[in-house]
Amino acid sequence: MAYDFRAIEGRWQKAWAKKRAFEAKQGKGKKYYVLEMFPYPSGKLHMGHVRNYAIGDATARFKRMQGFNVLYPMGYDALGLPAENAAIKHKVSPKKWTWGRINEMKEQQERLGFSYDWERMLATCEPSYYKWNQWFFLQMLKNGLAYKAKAKSNWCPKCETVLANEQVVEGKCWRCESEVVEKEFEQWFFKITRYAEELLQGLEKLQEWPQRVRTMQKNWIGKSEGVNIKFKVEGSNEEIETFTTRHDTMYGMTFIVIAPEHERVMQWAKGTEREKPVKEFIEKVKRLSIIERTTVEKKEKRGIFLGKYAIHPFTGEKIPIYAADFVLLEFGTGIVQAVPAHDQRDFDFAKEHNLPIIVSVQPDEYELNAEKMSRSYEGFGTLVNSEEFNGLRSEQAMERIADRLEKEGKGKRTVNYRLRDWLISRQRFWGTPIPVIYCGKCGTVPVPEKDLPVKLPEKAPFTGEGNPLDKVKAFVEATCPKCKGKARRETDTMDTFVDSSWYFLRYCSPKEGKAMFGKKEAAYWMPVDQYIGGIEHAIMHLLYARFFTKALRDLGMTKFGEPFTRLLTQGMVLKEGKVMSKSLGNVVDPGAIIERFGADTARAFMLSVSLPTKELEWSDKGADSTFKFLNRFNEFVAKNKGGKGKISQKRLGSKDRLLLSKAHRTIETVTGQMQAFEFNFALAGIARLFSAVQKAEKPDRNVLGFTVRTLVQLLAPFAPHLCEELWAKLGEKGLVSLSKWPKADRKMIDRKAEQVEEFIETVKQDVESIKQLAKIQKPKRIVFFTAPEWKWKAISIAAKACSEKPDFGATVKALMQEAEIRKHGNEVQGFAKALVARVKELEEAERIDEFAALSEERKNLEKEFGCRIEIEKAEKSGHAKARNAFPLKPAIFVE
RNA sequence: GCAGGGAUACCCAAGCGGCCAAAGGGGCAGGGUUUAGGACCCUGUGGCUUAGUGCCUUCGGGGGUUCGAAUCCUCCUCCCUGCACCA
């Protein structure tokens, strides 16, 4: 009979709410902040969410039971494009739509019984939240960390907005996968590059982050150390500057390449006979989409000679200057010294344009020949053709060459980052208005802090064309805060990643009205001790949040530089090998499983199938077995409450000592596994202990009681509702959710009792295999012969003889010297062979009384095998099988 | 191309120097229990073995280190993930 999970879950959810069981209280003891990446309110929970929250909730509950003051909040990343699209489609306001979805989602989360402190819930679409985005923006503006610039931007034609670099994936919009085009706009930026170095250095300290995420961020920041080198342009006063990380190859340079978009390119060509072809070339490059230009397949290096020569700063030689499409304007100086012998791209280009190749670094293993090279050599080596630097190693040469460049004023050491400033302007409605006013007289004027928030209008025309904000007169028309004249309000809104870059701080004091967050509160709760979310945020969100945290620290708001101490990136939930996603239409609705088996089953099952960090191929096969387990657990606990009396280990029988030992050992391992997020192992361990207590025959009441209470507590983070119910049934006062996590008492762990059990297990298995081999289905009688004393004695002798290496000869010799053993001379040979093989294992094992152990187990064995069981000491038996007896492996006779 | 992660028995998935023919699920087979279905419990699930302590073969493929390798090194093949003409 299935347990009534509906009634139980409803009852305890109410009880938790009524008792405010999960309220986080400022300043009360040791804190622990568990946080899941807050969801975008799409309205429906998917399996990925369930997994995310099941991990987080198990952790929060575990930590709470361990005595931590836990902050475990939930909120909604509620601004963003889908709400606007819904507004266009369904003719509802984004606000109404969003709140509808939030409520749906919250309902489902409540249904699952997560232990959030709902009092702290926030939604980023509330003006009381985004007001602080605006306030923060103004502070950034004051500190030169926000600025407006005309820039080529990634424009998504479908979303009708620009995107940040991080939001363009393989030339496509991260959200809708439309191809991104380049457009030039005036845009607002956050100067994340000012923190490039610190963001990079900080990664070193984030030891409890997955290596993968740290590597991804490192690559994204893309630090490269090198030199900028100045070149005189022949026949003019002009200078150009290149950036290189391989200045050891300076003498191998045979041409210079410049990005086609570089302003110099047209300047040089203008008015010459080259103007037309150069212009055509630039046009051609521009027409290429970002994808075409950066694709791997494209091997061809398009370029054109510009009719100019640069002067090599050391040799004074003339070096032709080309424009080529493989050079990026944004990186370095947009001009590159080309060394075909030591760079593959330069090599390809040289071959296509018949440019010379000069070897300037020789590898150690073989010798390069410029004429015969079929590809470049990019490694380090020894310098050649490099005048005074000949013979130096690349590493040394770089130092010396940089020294000389700097001394002669021809260059300087430089660091370049791939990281670009964060473009935060979005030409969309459902975002935080950027608090800026444009005045014909005063220019760009920030909205005064007292006028915040700049609220989104309640009504706007959602036609699907352009930014609806532009068309709301009441919003656009503004008064200049400075001159009080007529002015125009900025209609761009902020990237929604701004919202998610500090929400974890807001949770510390969600109702704070006078500041972004309470300093005191943040100082207590932050940083987040455990952050849990998907790997897809490895760069964008996690990098932005780190940036915000550092900026806020420099604004004096906090004293820490990293927001998340420990990060767990959960594996994706797959279906048929693919990530579940709405666009693929392969989303599995968790609703069904909750309906059928309840929240406890859904959560416990989710955690039991795989390690949280691993990808998970979804299958609900086995959900019913989790359900069955909970049912059995429920039934058993209800009927076997046991006692609460003091347990004296000494007065217990061996079976009870064993059970007690198992309980304590389970506490120990499960505690460790909870800490390590090995929830599937923890659940398996709990199930094992449960199975042991189920099988125990007439256990001591108090041991039974202890074990059952322990089980209920250990299982509580996974199946909290059922465990509350059982905890109450056991007559415990208070909530199991707030009970004290059990502590293992090592003194109660009885190694010997465990060994006896192991011994019985192997004996049983041996009987099974004999039954099979002898084809005896129903034995009439089974006789065990326990090993004689001399065989036990032989162990230590053999151990000595084999101390260096297993040595059969020496063992036999040593054994024969012992009179007591010599008596059994005819048996020693065969016995010694087996002994040598396992002597180490036996030496470490504790001596147990096999005869007593088997005798005690006799009744059970008789029941199990359905026949008479006899136990004899081998030395007292004349049976032919008796001599097979081995320590811990009694001889067995079946008939 | 670079960086990171993988490849384990029928399937999923642990193990990451000896206690490993390899945890745990699932499936399958046998047995028990049950009025039956179901549910539950037990056992088996690489091969050989003249009844068990043994032997052989096996952890993507080849080579190596070691007394000993699924585990360490090396090369190769394939898969995933991220970045990608970044100078």
Side-chain angles (χ1 to χ4, degrees), chain A residues 1-2 169-170 210-216 218-220 222-224 226 242-247 249 257 293-296 298-299 301 324-328 330-339 342-346 348-349 378 416-418 535-536 538-539 572 574 577 608-611 614-617 619 621-622 624-626 628 631-632 678 680-681 683-685 687-688 691 694-695 762-778 804-806 830-831 833-835 837-838 840-841 844-845 864 866 881 884-895:
Chain A
M1 186 46 198
V169 181
E170 285 172 23
Q211 182 61 44
R212 184 144 87 110
V213 175
R214 282 154 59 200
T215 313
M216 281 165 82
K218 191 178 158 201
N219 292 343
W220 188 262
K223 180 179 182 177
S224 43
T242 64
F243 171 72
T244 182
T245 54
R246 287 301 302 275
H247 34 295
T249 64
V257 234
R293 208 173 144 182
T294 58
T295 189
V296 216
K298 195 187 126 281
K299 275 273 170 278
K301 301 278 177 276
D325 64 351
F326 68 87
V327 180
L328 306 174
E330 307 85 48
F331 192 80
T333 58
I335 310 176
V336 179
Q337 57 154 342
V339 185
H342 304 296
D343 183 287
Q344 191 56 39
R345 291 157 303 169
D346 300 347
D348 294 340
F349 192 87
E378 301 191 346
N416 256 294
Y417 299 92
R418 203 184 76 116
I535 186 72
E536 64 273 20
I539 296 177
M572 302 208 196
L574 308 179
S608 73
V609 281
S610 174
L611 287 167
K614 302 250 173 187
E615 272 181 8
L616 172 68
E617 172 71 33
S619 152
K621 256 192 251 164
D624 55 339
S625 68
T626 301
K628 281 177 209 161
N631 272 304
R632 259 178 283 141
E678 293 169 345
N680 53 341
F681 297 149
L683 278 160
R688 217 173 304 125
S691 143
Q694 261 184 312
K695 282 183 207 154
T762 46
V763 166
K764 280 190 205 167
Q765 279 188 11
D766 286 343
V767 172
E768 284 300 332
S769 41
I770 292 167
K771 266 169 67 184
Q772 279 213 321
L773 278 165
K775 308 209 166 58
I776 301 173
Q777 284 256 324
K778 297 214 165 168
E804 277 171 36
K805 60 180 171 85
F831 168 69
K833 197 180 164 199
L835 184 58
R838 10 193 355 235
K840 269 204 178 148
E841 174 192 338
E844 279 165 27
E864 184 161 344
K881 286 281 171 199
N884 281 353
F886 197 85
L888 295 178
K889 277 270 186 188
I892 302 165
F893 175 71
V894 183
E895 71 173 352

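Protein chains get the first letters and strands the later ones, always in sequence-line order, with residue 1 at the start of each.
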Q: Which base, if any, makes a Watson-Crick or G-U wobble pair with B:rC40, both distances under 3.5 Å?
A: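 Base-paired to B:rG32.
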
Q: Can you tell me, in whole Å, how much space there is between the P of B:rG62 and that of B:rU8?
A: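 The answer is 16 Å between these two P atoms.
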
Q: Nearest-Å distance, CG (A:Asn680) to C1' (B:rA13)?
A: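 Rounded to whole Å, this separation is 9 Å.
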
Q: Quick one: does A:Val213's side chain get under 4.5 Å of A:Ile535's, heavy atoms only?
A: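 A side-chain contact under 4.5 Å exists here.
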
Q: Rounded to whole Å, how long is the line connecting atom CE of A:Met216 with atom C1' of B:rG5?
A: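 Taking atom C1' of B:rG5 as the reference, CE of A:Met216 is at 12 Å.
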
Q: Please give the nucleotide sitting opposite B:rU58 as a Watson-Crick or G-U wobble pair, both distances under 3.5 Å, or none.
A: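 Pair assignment: B:rU58 / none.
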
Q: Tell which nucleotide pairs with B:rU71, taking only Watson-Crick or G-U wobble pairs whose two distances are both under 3.5 angstrom.
A: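 Here B:rU71 is not engaged in any pair, so there is no nucleotide opposite it.
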
Q: Could you work out the separation of B:rA7 and B:rC40 based on their C1' atoms and round it to a whole Å?
A: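 That atom pair is separated by 38 Å.
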
Q: When you match A:Ser625 and A:Phe681 each to their closest nucleotide on RNA chain B, which lands nearer the 5' end?
A: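 Result: A:Phe681.
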
Q: Between atom CD in A:Glu378 and atom P in B:rA84, what is the gap in whole Å?
A: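 So the CD-P distance, A:Glu378 to B:rA84, works out to 18 Å.
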
Q: Report the distance from atom CD1 of A:Ile539 to atom C1' of B:rA84, rounded to the nearest whole Å.
A: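 These atoms are roughly 12 Å apart.
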
Q: Whole-Å distance between B:rG6 C1' and A:Ile535 CD1?
A: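 Taking atom C1' of B:rG6 as the reference, CD1 of A:Ile535 is at 15 Å.
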
Q: Provide the distance between the two P atoms, one in B:rG60 and one in B:rA87, to the nearest whole Å.
A: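 Between the two P atoms, the distance is 36 Å.
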
Q: Counting Watson-Crick and G-U wobble pairs only, both distances under 3.5 Å, name the nucleotide matched with B:rA3, or none.
A: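 Check on B:rA3: paired to B:rU81, both distances under 3.5 Å.
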
Q: Mind checking who B:rC19 pairs with, Watson-Crick or G-U wobble, both distances under 3.5 Å?
A: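 Here B:rC19 is not engaged in any pair, so there is no nucleotide opposite it.
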
Q: Measure CD/A:Glu678 against C1'/B:rG25 and give the value in whole Å, please.
A: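 So the CD-C1' distance, A:Glu678 to B:rG25, works out to 17 Å.
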
Q: A:Tyr417: which residues meet the ring pair (Phe, Tyr, Trp, His ring centres under 6.0 Å) condition with it, sequence neighbours left out?
A: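 For A:Tyr417 there are no ring pair (Phe, Tyr, Trp, His ring centres under 6.0 Å) partners, ignoring immediate neighbours.
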
Q: When rounded to the nearest Å, what value does the distance between C1' atoms of B:rU71 and B:rC16 take?
A: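 Result for the C1' pair: 4 Å, nearest Å.
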
Q: A:Trp220 has an atom CH2; how far is it from atom P of B:rG4, in whole Å?
A: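 Computing the A:Trp220:CH2 to B:rG4:P distance gives 19 Å.
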
Q: Report the nucleotide, chosen from B:rA87, B:rG52, B:rC41, that has the shortest atom-to-atom distance to any side-chain atom of A:Ile892.
A: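 The nucleotide sitting nearest to the side chain is B:rG52.
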
Q: Report the residues that fulfil side-chain hydrogen bond (donor to acceptor under 3.5 Å, both in side chains) with A:Arg246, sequence neighbours left out, ordered by chain and then residue number.
A: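 A:Arg246 satisfies side-chain hydrogen bond (donor to acceptor under 3.5 Å, both in side chains) with A:Asp248 once adjacent residues are dropped.
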
Q: To the nearest angstrom, how far is A:Gln211 atom CD from B:rG6 atom C1'?
A: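 Checked: the CD to C1' distance equals 16 Å.
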
Q: Nearest 0.5 Å please: distance from the OG1 atom of A:Thr245 over to the CG atom of A:Asn416.
A: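 The CG atom of A:Asn416 is 10.0 Å from OG1 of A:Thr245, to the nearest 0.5 Å.
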
Q: When the C1' atoms of B:rG27 and B:rG63 are considered, how many whole Å apart are they?
A: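 Comparing C1' positions in B:rG27 and B:rG63 gives a spacing of 38 Å.
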
Q: If you measure from the C1' atom in B:rU33 to the same atom in B:rA70, how many Å do you get, rounded?
A: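 About 40 Å, rounded to a whole number of Å.
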
Q: Looking only at atom C1', what distance separates B:rC41 and B:rC59, rounded to whole Å?
A: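 Straight-line distance between the two C1' atoms is 32 Å.
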
Q: To the nearest 0.5 Å, what is the distance between CZ on A:Arg345 and CD on A:Glu378?
A: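 With rounding to 0.5 Å, CZ (A:Arg345) is 7.5 Å from CD (A:Glu378).
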
Q: Looking only at side-chain N and O atoms, does A:Ser224 come under 4.0 Å of OP1 or OP2 in B:rA87?
A: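 For B:rA87, OP1 or OP2 has a side-chain N or O of A:Ser224 closer than 4.0 Å.
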
Q: Need the pair for B:rG27. Rule: Watson-Crick or G-U wobble, both distances under 3.5 Å, any strand; none if unpaired.
A: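 In the structure as shown, B:rG27 has B:rU45 as its Watson-Crick or wobble partner.
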
Q: With the side chain of A:Phe893 defined as its heavy atoms from C-beta on, choose the nearest nucleotide among B:rA51, B:rG4, B:rA87.
A: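 Closest nucleotide to the A:Phe893 side chain: B:rA51.
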
Q: Using Watson-Crick or G-U wobble geometry with both distances under 3.5 Å, which nucleotide pairs with B:rA9?
A: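 Because no pair has both required distances under 3.5 Å, B:rA9 counts as unpaired.
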
Q: Counting only Watson-Crick or G-U wobble pairs whose two distances fall under 3.5 Å, which nucleotide matches B:rU65?
A: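 Its partner: none found.
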
Q: Both A:Arg345 and A:Lys628 contact RNA chain B. Which one's nearest nucleotide lies toward the 5' end?
A: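 Its nearest nucleotide lies further toward 5', so the answer is A:Lys628.
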
Q: So A:Ala891, base contact, sugar-phosphate only, or nothing? Heavy-atom distance under 4.0 Å.
A: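 The residue A:Ala891 makes base contact.
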
Q: Looking at the side chain of A:Arg418, which of B:rG82, B:rA84, B:rA87 is the nearest nucleotide?
A: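 In terms of side-chain proximity for A:Arg418, the closest of B:rG82, B:rA84, B:rA87 is B:rA84.
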
Q: Considering only the C1' atoms, how many Å lie between B:rA13 and B:rG6, rounded to the nearest integer?
A: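 Looking at atom C1' only, B:rA13 and B:rG6 are 13 Å apart.
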
Q: Mind checking the CG-OG1 spacing from A:Leu683 to A:Thr626? Nearest 0.5 Å is all I need.
A: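 Reported to 0.5 Å precision, the distance equals 8.0 Å.
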
Q: Using a 4.0 Å heavy-atom cut-off across all strands, classify A:Pro210 as base, sugar-phosphate, or nothing.
A: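 Nothing, no heavy atom under 4.0 Å.
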
Q: Considering all heavy atoms of both residues, which atom of A:Phe243 and which atom of A:Thr333 are nearest to each other, and what is their separation?
A: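 Heavy atoms of A:Phe243 and A:Thr333 come nearest at N-OG1, 3.5 Å.
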
